[in-house]
Trainee: 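Take this structure first; my questions come after.
What you see is a predicted model; the values in this text were computed from it and never measured. Heavy-atom basis, side chains included; hydrogens, waters and symmetry copies ignored. The sequence lines fix the lettering, A, B, ..., with proteins before strands; numbering per chain opens at 1.
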There are 2 protein chains.
Amino acid sequence: MTNIQDVAKAAGVSTASVTRYLAGQTIRRADAVKQAIDELGYRPSHVARSLKTGRHDSIGVIVPDISNPFFAALVKGVEREMRPHGMQVILGNSDEDAGREEALVRELSQRTDGIIMAPLTENDEIPLALMKTGIALVFVDRDISSGPDVDRVLVDNASGVRQAVDHLVGLGHTRIAAISGPLDSTPGRMRHEALLSSFEHHGIAADDSLLRIGDFREASGRAAIQEIWAAPQRPTAVFVANNLMTTGALTALMEMGVRVPSDLSVVGFDDLPLAALLDPPLTVIARPDVDQGAAAARLLVERLGEPGQPSPAPHPTQSLVLPVELVVRGSTIAAPALPEGSPA
Amino acid sequence: MTNIQDVAKAAGVSTASVTRYLAGQTIRRADAVKQAIDELGYRPSHVARSLKTGRHDSIGVIVPDISNPFFAALVKGVEREMRPHGMQVILGNSDEDAGREEALVRELSQRTDGIIMAPLTENDEIPLALMKTGIALVFVDRDISSGPDVDRVLVDNASGVRQAVDHLVGLGHTRIAAISGPLDSTPGRMRHEALLSSFEHHGIAADDSLLRIGDFREASGRAAIQEIWAAPQRPTAVFVANNLMTTGALTALMEMGVRVPSDLSVVGFDDLPLAALLDPPLTVIARPDVDQGAAAARLLVERLGEPGQPSPAPHPTQSLVLPVELVVRGSTIAAPALPEGSPA
DNA sequence: GTGAAAGCGCTAACAG
DNA sequence: CTGTTAGCGCTTTCAC
């Protein structure tokens with residue numbers, strides 16, 4: 001490849017002048033340099049530049065599962081927000097694997113100026129190590145329990161769950177099952193806790209045979225609903241804590257011949273791209289996805305500044321909590337008449 | 001950050017020995033080096049190493065739309081295949097934007113040893129420039145018309161379309177509408193051409209009022225089906241050339257009160273994660289997604305070799321064509337009795 | 001405004 | 001097996 005020396009030679013200037021030209025400074029022989037660059041097809045080496053400056057003009061995004069539409073949308077939000085700032089976005093998919101997450105963090109922390117990530121669990125040690133390297137960090141969707149000095153963007157999980165439970169109770173449901181996410185992840189824990197406290201608020205007894213903990217993946221939604229449906233007293237409604245488990249649960253219900261919503265009302269956390277086209281259209285708690293990514297990107301830009309510019313002064317970390325919204329469609333209807341006494 | 005010199009000093013060896021240790025060669029004071037590395041928390045600078053060696057031990061994947069489940073699955077396949085080879089996978093999302101694709105190619109070609117990409121259009125000039133840089137390249141799902149010297153993995157689009165048309169004709173449909181993809185993209189063109197030739201094979205006249213060209217995005221599927229439904233003679237079946245446009249078309253049909261399949265049979269290209277849960281379950285041409293990504297990754301590995309090892313000898317480029325399969329579900333049924341004369 | 005020169009952190013001859 | 005050293009391509013003092 002042609003390098004800066006070739007250009008300097010061809011233009012009859014020093015390499016320093018080429019650098020200055022590249023940086024947008026005014027130099028005397030600008031047009032000669034421009035011509036040399038064009039003719040030689042010169043492209044500055046990003047690697048060499050990074051080695052010298054320590055900057056990369058790029059950021060990384062690490063998500064647990066890129067084939068989850070929520071994270072795909074989130075990534076899109078990050079990219080849209082970053083594009084005008086001239087920063088490249090590099091994407092890493094940990095595939096819900098801690099080892100892979102660690103490899104990605106190590107890798108991307110050497111190639112980028114900042115990382116947006118959804119840590120796998122709240123005990124995740126990996127981000128802690130990352131913070132020590134001094135790289136800018138933003139958590140999105142998930143948090144870790146220790147080390148509060150990080151920018152973060154979360155959604156109001158508790159409010160979403162409350163809206164869902166209120167909705168079901170309002171329809172007369174009292175036997176409500178739930179498929180929660182892993183309790184060591186932020187959304188899993190927060191949604192589960194909110195569920196229990198909502199139950200308590202409405203005077204609903206938590207029935208262990210109706211409560212299952214999944215892993216946010218489709219297969220666990222399938223397994224959980226099968227167990228729940230085998231409970232001695234079946235529920236009239238079920239809350240599922242994320243999109244993939246909802247998909248799994250719906251599939252299993254269909255296979256078992258359980259009709260939604262006449263046999264069982266279903267409300268899921270996370271909207272699905274096709275939720276309105278499902279049979280029946282799915283009632284869900286919708287949360288911002290693209291916007292959540294964009295918000296995280298903005299926090300990172302505030303900390304990093306524009307490429308080429310000096311970094312802004314450090315400022316306190318920010319925590320954003322975005323609102324969620326219950327979208328009532330066809331998968332939730334009034335509870336059937338009760339066989340035994342219960343609150344109206 | 002602590003560098004190789006610090007380690008060398010602490011271990012009482014030269015930097016060369018540290019390098020050798022890192023490369024897995026046997027050196028005398030291995031344990032002293034190991035200890036120094038651990039104590040200092042030393043991480044080799046990827047940037048410096050790349051500058052020196054010209055290798056990156058990573059590959060790039062550039063897709064037009066990461067929120068399309070097909071590409072998300074494809075990326076997953078690439079990652080699964082690459083992981084055991086110790087190569088990092090860096091993902092770029094061009095968002096169907098040529099400018100962005102170019103920026104990604106420029107960027108990733110400087111950070112990676114090889115690129116797997118689905119070019120936006122068959123006239124895409126960008127990959128040509130990329131090939132000149134000598135970086136390894138694999139096309140997946142899409143191709144470009146010039147420059148045949150590239151490894152590629154495609155699916156048998158023509159066969160898929162033929163299966164779909166045969167299926168519809170077998171059900172008695174003769175007024176078949178179609179929403180094709182952009183004719184300057186490989187899958188768009190191949191599927192459209194196969195459609196026309198299948199029509200001809202079955203003696204079906206191509207009716208311009210039933211043929212629309214979309215852009216593979218959801219909104220164009222919506223718009224196209226609305227136009228088609230406004231045609232003087234409505235179709236009894238429609239073929240939609242990809243998943244996103246199918247989603248758009250189904251949504252529009254629902255909004256217009258058109259019932260599938262009784263009013264209109266629908267067959268789509270690409271399976272959808274929720275296709276079986278839709279109302280009705282969708283008949284589709286399913287093509288490999290994860291496997292297509294994995295196949296592309298294997299081609300790239302064959303060309304690149306393992307990290308640390310010398311590159312394998314160059315070999316002729318390969319073209320893989322993976323089979324597709326018609327999955328009949330509930331969205332296609334027999335055509336209604338014909339008002340006018342027609343083949344049985 | 002400009003050029004000479006040092007050096008970012010690492011690897012790969014090379015000589016021992 | 002080991003250490004010395006040059007140099008990957010760039011930016012950034014520094015002196016002019």
Side-chain angles (χ1 to χ4, degrees), chain A residues 1-34 36-37 40-58 106-107 109-113 133-135 307-311, chain B residues 1-34 36-37 40-58 106-107 109-113 133-135 307-311:
Chain A
M1 281 304 296
T2 136
N3 64 20
I4 198 172
Q5 299 220 43
D6 301 328
V7 174
K9 204 165 295 172
V13 298
S14 70
T15 61
S17 286
V18 178
T19 291
R20 288 175 187 124
Y21 171 82
L22 256 23
Q25 300 177 28
T26 42
I27 66 167
R28 200 143 306 178
R29 310 212 49 198
D31 21 344
V33 173
K34 175 175 173 25
I37 288 175
L40 297 172
Y42 168 69
R43 297 269 157 230
S45 157
H46 207 279
V47 171
R49 180 178 288 174
S50 286
L51 178 59
K52 182 62 187 175
T53 63
R55 284 180 286 102
H56 304 273
D57 297 342
S58 67
R106 253 214 317 272
E107 197 71 9
S109 66
Q110 296 224 31
R111 299 173 182 279
T112 64
D113 302 315
T133 70
I135 194 170
Q309 308 299 319
S311 301
Chain B
M1 280 306 295
T2 136
N3 64 20
I4 198 172
Q5 299 222 44
D6 300 330
V7 174
K9 204 165 295 172
V13 298
S14 71
T15 60
S17 286
V18 179
T19 292
R20 288 176 187 122
Y21 172 82
L22 257 23
Q25 300 178 29
T26 42
I27 65 169
R28 196 143 310 178
R29 311 212 46 199
D31 21 341
V33 172
K34 177 175 172 25
I37 287 175
L40 297 172
Y42 168 69
R43 297 270 155 228
S45 158
H46 206 279
V47 171
R49 179 178 288 175
S50 285
L51 179 59
K52 178 64 185 174
T53 64
R55 284 181 287 100
H56 305 273
D57 297 344
S58 67
R106 253 213 318 271
E107 198 71 11
S109 66
Q110 295 223 34
R111 300 175 181 279
T112 64
D113 303 314
T133 70
I135 194 170
Q309 308 299 319
S311 302

Trainee: When B:Val47 is tested against each of A:His46, A:Gln110, A:His56 for side chain to side chain contact (heavy atoms under 4.5 Å, CB included), which residue passes?
Mentor: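 Option passing the side chain to side chain contact (heavy atoms under 4.5 Å, CB included) with B:Val47: A:His56.
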
Trainee: As an exercise, state the distance from OH of B:Tyr42 to CG of B:Leu22, rounded to the nearest 0.5 Å.
Mentor: 5.5 Å

Trainee: In whole angstrom, give the distance that lies between atom CE of B:Met1 and atom C1' of C:dG7.
Mentor: 19 Å

Trainee: So, taking the atom named OG1 in A:Thr19 and the one named CZ in A:Arg49, what distance separates them when rounded to the nearest 0.5 Å?
Mentor: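 One gets 8.0 Å once the value is rounded to the nearest 0.5 Å.
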
Trainee: Mark up nucleotides 1-6 of chain D, 5' to 3', with B wherever a protein heavy atom is under 4.0 angstrom from a base atom, S wherever such an atom reaches only the sugar-phosphate, and - elsewhere.
Mentor: SBBB--

Trainee: By a strict heavy-atom criterion of less than 4.0 Å, which residues belonging to residues 2-10 of chain B are in contact with DNA chain D?
Mentor: none

Trainee: Of A:Ile27, A:Val18, A:Val7, which meets side chain to side chain contact (heavy atoms under 4.5 Å, CB included) against A:Val13?
Mentor: A:Val18

Trainee: Without decimals, in angstroms, what is the distance between B:Arg49 CZ and C:dC8 C1'?
Mentor: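 Roughly 16 Å, once rounded to whole Å.
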
Trainee: Will you find, in the side chains of A:Arg111 and B:Ser58, an N or O donor that is under 3.5 Å from an N or O acceptor?
Mentor: yes

Trainee: Indicate yes or no for a side-chain donor-acceptor contact from A:Arg29 to the backbone of A:Ala11 under 3.5 Å, with no hydrogens or angles considered.
Mentor: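 Yes; judged by distance alone, with no hydrogens or angles, the pair exists.
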
Trainee: Please tell me if B:Tyr21 has a side-chain N or O lying less than 4.0 Å from either OP1 or OP2 of C:dT11.
Mentor: no

Trainee: Side chain of B:Asp6, backbone of B:Lys9: donor and acceptor closer than 3.5 Å?
Mentor: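 No; judged by distance alone, with no hydrogens or angles, the pair does not exist.
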
Trainee: Kindly point out which of C:dC10, D:dC10, D:dT12 is positioned nearest to the side chain of B:Pro44?
Mentor: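 Between C:dC10, D:dC10, D:dT12, the one nearest the side chain of B:Pro44 would be C:dC10.
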
Trainee: Check for a donor-acceptor pair, side chain of B:Asp113 on one end and backbone N or O of B:Arg55 on the other, with a separation under 3.5 Å.
Mentor: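 Not at all, since once roles are kept as given, no pair shorter than 3.5 Å links the two residues.
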
Trainee: Please give, in whole Å, the distance from C:dC10 P to A:Leu51 CG?
Mentor: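 Taking CG of A:Leu51 and P of C:dC10, I get 9 Å after rounding.
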
Trainee: When the distance from CD of A:Gln110 to C1' of C:dG9 is rounded to whole Å, what number comes out?
Mentor: 11 Å

Trainee: Using OP1 and OP2 only, check whether a side-chain N or O of A:Thr19 sits under 4.0 Å from D:dT11.
Mentor: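 So the side chain of A:Thr19 is within the cut-off, an N or O lying under 4.0 Å from OP1 or OP2 of D:dT11.
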
